[in-house]
Amino acid sequence: MKTFITKNRSLLDETEELLNKQVELEAVSSAIYLSMASWCEIKGYENSSKFLYDHTEEEKMHMMKIFRYINEAGGHALQPEITGIPNDFSSLRAVFEEVLNHEIFITKSIHSLVDHCQSKKDFTTFNFLQWYVTEQREEEILARRILELFDIIGEEGLGLWTIDQEIGKLGTAGVSSVISGAGGGV
Ligand code: OFO
């Protein structure tokens, strides 16, 4: 058992706080997508549901990468408290519009964190965050591709059923099917 923890570190308190804030945002992402997955499941959108259940796990992984980084850098990663997650959505399209809006919000948060690290010359954390910069580009592209399905296919008749099938294919093929030069997961 560890009896001595050194406090000597290069990680600034302010950066630690911002990283913990990002942990919280990734946990919120995971929780929102879990709620959306459940809503899709009870409405019969099986493929969208699976896509979102998978995405919930993906967001948890995003959270854990930062969580572990904070402690490895000599900080204290904090378990976030998540409340206020919506459980109801007006339509399948509304679900994926919310996914895109949320991902744009997360991108802005990552960019401001990167900007902070650059201004403080914390190049270690800056380098660590580059994975998230790439990931957010992919997340936004995928969400936009899904929303395009609603316009291309239309929601009348078998439209929603077909859209759900196509979302399933995007989930299986992963982001590399819609993006050139993709290296990561969904
Ligand atoms: Fe963590 O990328 Fe979505 O939110």
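Because the structure is a prediction, the values reported are computed rather than measured. All ligand and atom numbering here is 1-based and tracks the order in the structure.
Looking at atom 2 (O) of ligand 1, its nearest protein heavy atom turns out to be Glu139 OE2, 2.6 Å.
In this structure, Leu149 CG and Leu170 CG are separated by 6.0 Å, a value rounded to the nearest 0.5 Å.
Looking at Glu41 and Tyr53, their side chains do bring a donor and an acceptor atom within 3.5 Å of each other.
Under a 4.0 Å heavy-atom criterion, Glu135 is not in contact with ligand 1. The closest approach between Gln136 and ligand 1 falls below 4.0 Å for a heavy atom of the residue.
Within Glu26, the N, O or S atom lying nearest to atom 1 (Fe) of ligand 1 carries the name OE1. Among heteroatoms of the N, O or S kind in His62, ND1 lies nearest atom 1 (Fe) of ligand 1.
Contacts with ligand 1 closer than 4.0 Å are made by no heavy atom of Glu58, backbone or side chain.
With a cut-off of 2.8 Å, atom 3 (Fe) of ligand 1 has an N, O or S atom of Glu59 in range.
In terms of modelled atom types and a separation under 3.5 Å, the side chain of Asn20 and the main chain of Ala77 share no donor-acceptor contact.
Below 4.0 Å from some heavy atom of Ser29 lie the following atoms of ligand 1, by number and element: 4 (O).
Heavy atoms of other residues, nucleotides or ligands lying less than 6.0 angstrom from CZ of Phe105 number 12 at most.
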Mind running side-chain hydrogen bond (donor to acceptor under 3.5 Å, both in side chains) on Glu16 and His76 for me, showing each step along the way?
CA-CA 8 Å; Glu16 178 182 352; His76 185 181; 5.8 Å; no
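His111 pairs with exactly one of Val114, Thr107, Asp115 by the side chain to side chain contact (heavy atoms under 4.5 Å, CB included) rule, that one being Thr107.
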